Structures are given as structure tokens and as C-alpha cells.
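No hydrogens, no waters, no symmetry mates; every other heavy atom, side chains included, goes into these values. Note on naming: letters A, B, ... go to the chains in the order of the sequence lines (proteins, then strands), and numbering restarts at 1 for each one. All values reported here derive from a predicted model rather than from experimental measurement.
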2 protein chains.
Amino acid sequence: MVDNTMDKRVIRTKRLIRNVFTELMEEKGFEGITVKELTTKADINRGTFYLHYKDKQDLLEQCEEQIINEINDILKIERQLNLEETLNYYSKYEPPPFVVKLFDYILENASFMKVMLGPNGDPSFQIRMKESLRKNMLVKIEEKFHKEQMMVPQECLLAYISSAYLGVIQYWLESGLKESPRDMALVLLKITFLGPLTVTGFPNTFKS
Amino acid sequence: MVDNTMDKRVIRTKRLIRNVFTELMEEKGFEGITVKELTTKADINRGTFYLHYKDKQDLLEQCEEQIINEINDILKIERQLNLEETLNYYSKYEPPPFVVKLFDYILENASFMKVMLGPNGDPSFQIRMKESLRKNMLVKIEEKFHKEQMMVPQECLLAYISSAYLGVIQYWLESGLKESPRDMALVLLKITFLGPLTVTGFPNTFKS
DNA sequence: ACAATTAATGAACACTCTGTTTATTAAGTG
DNA sequence: CACTTAATAAACAGAGTGTTCATTAATTGT
């Protein structure tokens, strides 16, 4: 537990640990990881691990903390974007830049994100991701609307959208990142604005 | 590992183990549970645990298997419901019965579901839930539409909707189950058919 | 370039939990 | 009531944990 982040040895060791940690999470999940195996695979002394982390839970939390902070930064920068501006982007078939940036960032950290949001991942990390998405929602509902004029409870809608967004991110990671960040941002924009039913192309007779 | 499910003692012991398991999952998560503590809290001999389960992983899987099977049964019974029929329900502001039944079942098993879908839960269980939802989707996209007429990749839309559904279920469990199963089913129906933007009540000028 | 600093190592420690086995006790069965 | 079998108690080796300490090696600032 030292915070001297300047020393080359510390940087090297921490990077080693984190890389092997990601691999092992993918392989056997957090439960299945032992500090012994982790350090053996990273080719460092087991005692060295405890110089930097309290235990493997602490390692997990430190990794997650960094990612969540960086994602919050991306979403925060352009927090001012309101619904009209977003609609304006949509009318030009152009996704808002901060959504593209989010997908760019996920792409850069794909291996970690894929593991943490996958079947061997950490559900509390998924919840924190949804929390970030909700606080910086594409459709900024809280500021714009009063609860009364909503057709469903506001909390339900926020849960719906933020979960849907995370789900699409999970699909993207799981299916091999074939679409571009820009395309993915457009997908979210389209489904959210047009609605799931409309994007299927089903002739929508009752809506008016 | 015995399958004599008739004996009163077996039923009692298994029920004890599962109840304490749910409590401990809530408290400290799967990682934090030890067979020792589990059996102490359940007031049974540690050896007895191994008479019924290979290890705690096996216990988790057996519990999940049962729930997933029962949910699949609920969703399968009415699998035949097609989009027109669902739209018909919607036009009468009445949710399809099988969606209400799903929420009824979740309510009955609320403590287990809340834990497994919460921050200390099992992400692979969440994935299996989404899988069940996708296979028996309210909007039965696969049968009804060709991929070409879709405005976004079909897989993305399926990920979007199934994740959104699960997210609303998670919200419902987390927020104390205040709404009725029928109300929750209606919420899903509304958001999915009208779209997230429309249900906010925002004047929708560009859609036509 | 060198002395000072400190990260990394290797070995050892007591401790906890695991999964299995054995003989014995107690409960449920027909 | 006799039979079957689930539950118990105690013991076991094995594996991983988190800590300590003396030693080695790498990095830093001057």
C-alpha cells in the first residue's frame, strides 16, 4: 500500500498485476482467482502483491474506480447538452460527440470492459456504469420534464433506458466490436428517439 | 449428492441451506461466503452440506437452475402470442397475461431474485435472464420481420429491449416492489411501443 | 557516477477454510 | 417395530491467506 506512483518498478508491477488480473477474471471469475496464482502468472513475488493491494478485493476496486472516473469525465464534459440539441443532432443523422467518445473509450479498454460487463464480471460495476449513464443521460429527462406529464414513473423510464444502453454496450463487447463507435452511438440514438417498435419497421397504425 | 427428495430431513436441510445462502449472498456476496459460516448459521453440520452439494458453486447453480426453468415455463406457455395480439392488448390498455405472470413469479421469489440481480448477485444469472426474455420477447421480432427492413441491427435491438426489461425488473426489486405486477407489465408495454422519448410527453415534431 | 532510497525477493509463520473419511446417533420409512 | 438412511462429531491433509524480516536489486536525485 504505497502511493509512490513515480517509480518505474511500481508502474511495471502494477501494470503486470492488472493485466494478469483481467486475464484471470475472464478465465475463472473473481471467485476463482487466488493471489498465489495471480502472482505466479505475473512472475512476481506474492509478497509484492501485498505491497500494493490490501487483498484481491482491493485490486478489483482500484481497477474499477479508475475506469468509472474516466467514464464520468467523458460524460461530464458535455453534460450541458440538452434535449433540443440532441434532437438537432438526430435530425442530421449525426450522433452527439460525447456518446461517440464513450464508445471510443470502451473500445480502448475493451478487454477489461468485456470481462467486467460479461458473465464473470462484477454486477456492482455494472450498476455503477448504469449510474453514470443515468446521471448523464442522452435524453436529459430530469431537467426537462415534470414527473406529472410522464406516461410512466420517471424512475422506471430511467432504469429502462440506462439498462438498455448498458445492454447494447455489453452486446457490442461480446459480439467482437464489429460496428464503429459512431454506428453504435447512432443505434442508441435511433432506438431511443423512434422507439423499439418503430425501428423494427412495423407499420405503426395506432401511434399519432 | 443424493436425489432422494422424498425424505423430510432432506427437504428441511436443503431449504435451510438455501435460505441462509440467500441471506449471506445479500450480506457479503458469493465470494465472501464460506461453507463453514453457511452451515454454522443454518445450524447444521458442515459435512451435511457436502451430502447435498459438491461445493458452494454447485449450490449456486442448483438454485439458479430452478428459477430459470420456472421462468422459462412461464414465458413458454404463451409463446404463441404474436405482435398483432400484443398490439391488441395494448390498445385495450391491458398487459399480456404472461408478462403479468412473470412479475407475479418474481414477486413470489423476491428475496432470491433481488439478491441475484443486485450488486452482490451473479452476472451469469442476469445473462440467463436476458436470454429467457429475448427468446420470449414481448415484441416477437424474429418471426415477424426480416433483417433488411430494420433500422438498426436486429441483434442490437434485441440486446436493447431485453436489457431494458431486466433493468426495469431490477429497479422494481431494488425500490421495494411498490408497483403491482400489472402496473409493471404496463410500463414495459408502454415504453416499448411508444418509445422512451414519447413517454416523457415531449412534443414529438419530427416523427411521422 | 555514486550514494541513498526504496521496491522486490525468498522464506517462514500461524491461521482459516476446504473437501473427505470414519464411526456413531437420530430421524423417517413402510 | 425393524430397517434404512440422513445427520452428526471429530479428525485429516492440503491449499491459500496475510504478515514479517532479512537480503538483494533497481531507481532516483545530486
Side-chain angles (χ1 to χ4, degrees), chain A residues 1-66 115 120 122 124, chain B residues 1-66 115 120 122 124:
Chain A
M1 300 302 296
V2 178
D3 48 57
N4 185 1
T5 47
M6 313 308 176
D7 199 308
K8 284 181 184 176
R9 291 167 293 181
V10 176
I11 293 166
R12 186 194 109 95
T13 303
K14 283 198 155 193
R15 196 187 53 232
L16 266 172
I17 290 174
R18 288 186 182 214
N19 289 345
V20 174
F21 178 60
T22 306
E23 285 175 40
L24 286 178
M25 279 290 289
E26 172 107 61
E27 261 181 61
K28 37 184 73 175
F30 187 68
E31 165 73 15
I33 294 178
T34 66
V35 175
K36 192 183 192 320
E37 186 184 5
L38 173 68
T39 51
T40 302
K41 203 171 175 190
D43 210 40
I44 59 168
N45 192 274
R46 194 165 64 87
T48 305
F49 176 90
Y50 293 103
L51 253 36
H52 301 289
Y53 304 101
K54 197 173 146 284
D55 50 27
K56 67 169 176 166
Q57 183 66 42
D58 183 43
L59 168 61
L60 175 70
E61 282 165 16
Q62 282 193 36
C63 294
E64 292 183 351
E65 193 64 20
Q66 189 200 322
V115 172
N120 279 341
D122 177 7
S124 79
Chain B
M1 299 302 294
V2 178
D3 49 58
N4 185 1
T5 46
M6 314 308 175
D7 198 307
K8 284 182 184 177
R9 290 167 294 181
V10 176
I11 294 167
R12 185 194 110 95
T13 302
K14 284 198 155 193
R15 195 186 55 231
L16 265 171
I17 291 174
R18 288 186 182 214
N19 288 346
V20 174
F21 178 59
T22 305
E23 284 175 41
L24 286 178
M25 279 291 288
E26 171 107 60
E27 261 181 62
K28 38 185 73 175
F30 187 68
E31 164 74 14
I33 294 178
T34 66
V35 176
K36 191 185 193 318
E37 186 184 4
L38 173 67
T39 51
T40 302
K41 204 171 173 189
D43 210 40
I44 59 167
N45 192 274
R46 195 166 62 88
T48 305
F49 176 90
Y50 293 104
L51 252 38
H52 300 289
Y53 303 100
K54 197 173 146 284
D55 51 27
K56 68 169 175 166
Q57 184 66 40
D58 184 43
L59 169 60
L60 176 70
E61 282 165 16
Q62 282 194 35
C63 292
E64 291 182 352
E65 193 64 20
Q66 188 199 322
V115 171
N120 279 341
D122 177 7
S124 79

Would you kindly give the [atom1]-to-[atom2] distance between [X] and [N], to the nearest whole Å?
X: A:Met6; N: C:dT5; atom1: CE; atom2: C1'; value: 16 Å
X: A:Tyr53; N: D:dT17; atom1: OH; atom2: C1'; value: 18 Å
X: B:Leu38; N: C:dG19; atom1: CG; atom2: P; value: 12 Å
X: A:Ile44; N: D:dT24; atom1: CD1; atom2: C1'; value: 17 Å
X: A:Ile33; N: D:dA15; atom1: CD1; atom2: C1'; value: 17 Å
X: B:Lys8; N: C:dG30; atom1: NZ; atom2: C1'; value: 13 Å
X: A:Arg12; N: C:dT9; atom1: CZ; atom2: C1'; value: 13 Å
X: B:Gln57; N: C:dC17; atom1: CD; atom2: P; value: 19 Å

message = Using side-chain contact (heavy atoms from CB on, under 4.5 Å), reason through A:Ile17 and A:Ile44 one step at a time and then give a plain yes or no.
response = CA-CA 9 Å; A:Ile17 290 174; A:Ile44 59 168; 3.7 Å; yes
ask   = Just wondering, do B:Lys8 and B:Ile11 contact through their side chains at under 4.5 Å, heavy atoms?
value =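 Not in contact.
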message = Do B:Arg12 and B:Arg15 have side chains that approach each other closer than 4.5 Å (heavy atoms only, starting at C-beta)?
response =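 B:Arg12 vs B:Arg15: side chains touch.
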ask   = Do the side-chain N or O atoms of A:Thr13 get closer than 4.0 angstrom to the phosphate oxygens (OP1, OP2) of C:dA8?
value =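 Looking at the OP1 and OP2 atoms of C:dA8, one of them is under 4.0 Å from a side-chain N or O of A:Thr13.
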Under 4.0 angstrom between B:His52 side-chain N/O and D:dA7 OP1 or OP2 =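 Indeed, a polar side-chain atom of B:His52 lies that close.
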Quick test: give all pairs of protein nitrogen or oxygen and nucleotides 20-27 of chain C nitrogen or oxygen below 3.5 Å, distance rounded to 0.1 Å.
from: C:dA27; atom 1: N3; to: B:Arg9; atom 2: NH1; distance (Å): 3.0

ask   = Quick check: does any side chain N or O of B:Lys14 sit under 3.5 Å from a backbone N or O of B:His52, one acting as donor and the other as acceptor?
value =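 Flag not set: sc B:Lys14 to bb B:His52 has no pair under 3.5 Å.
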request  = Ignoring hydrogens and angles, state whether a donor on the side chain of A:Asp58 or A:Gln62 is under 3.5 Å from an acceptor on the partner side chain.
outcome  =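 There is such a pair (donor and acceptor under 3.5 Å, judged by atom type) between the side chains of A:Asp58 and A:Gln62.
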Donor-acceptor side-chain pairing of A:Glu61 and A:Gln57 below 3.5 angstrom =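 Yes.
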task = Among B:Arg18, B:Lys41, B:Lys28, find the one that has a salt bridge (Lys or Arg N to Asp or Glu O under 4.0 Å) with B:Glu23.
result =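 Among the candidates, only B:Lys41 passes.
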Among D:dG16, C:dG19, D:dT8, the one nearest B:Asp55 by side-chain distance =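 Ranking D:dG16, C:dG19, D:dT8 by closest atom to the B:Asp55 side chain puts C:dG19 first.
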ask   = Of A:Glu37 and B:Asp43, whose closest DNA chain D nucleotide lies nearer the 5' terminus?
value =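 Whichever sits nearer the 5' end wins; that is B:Asp43.
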request  = Select from B:Thr34 and A:Asn45 the residue whose nearest nucleotide in DNA chain C is closer to the 5' end of that strand.
outcome  =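 Looking at DNA chain C, the more 5' nearest nucleotide goes with A:Asn45.
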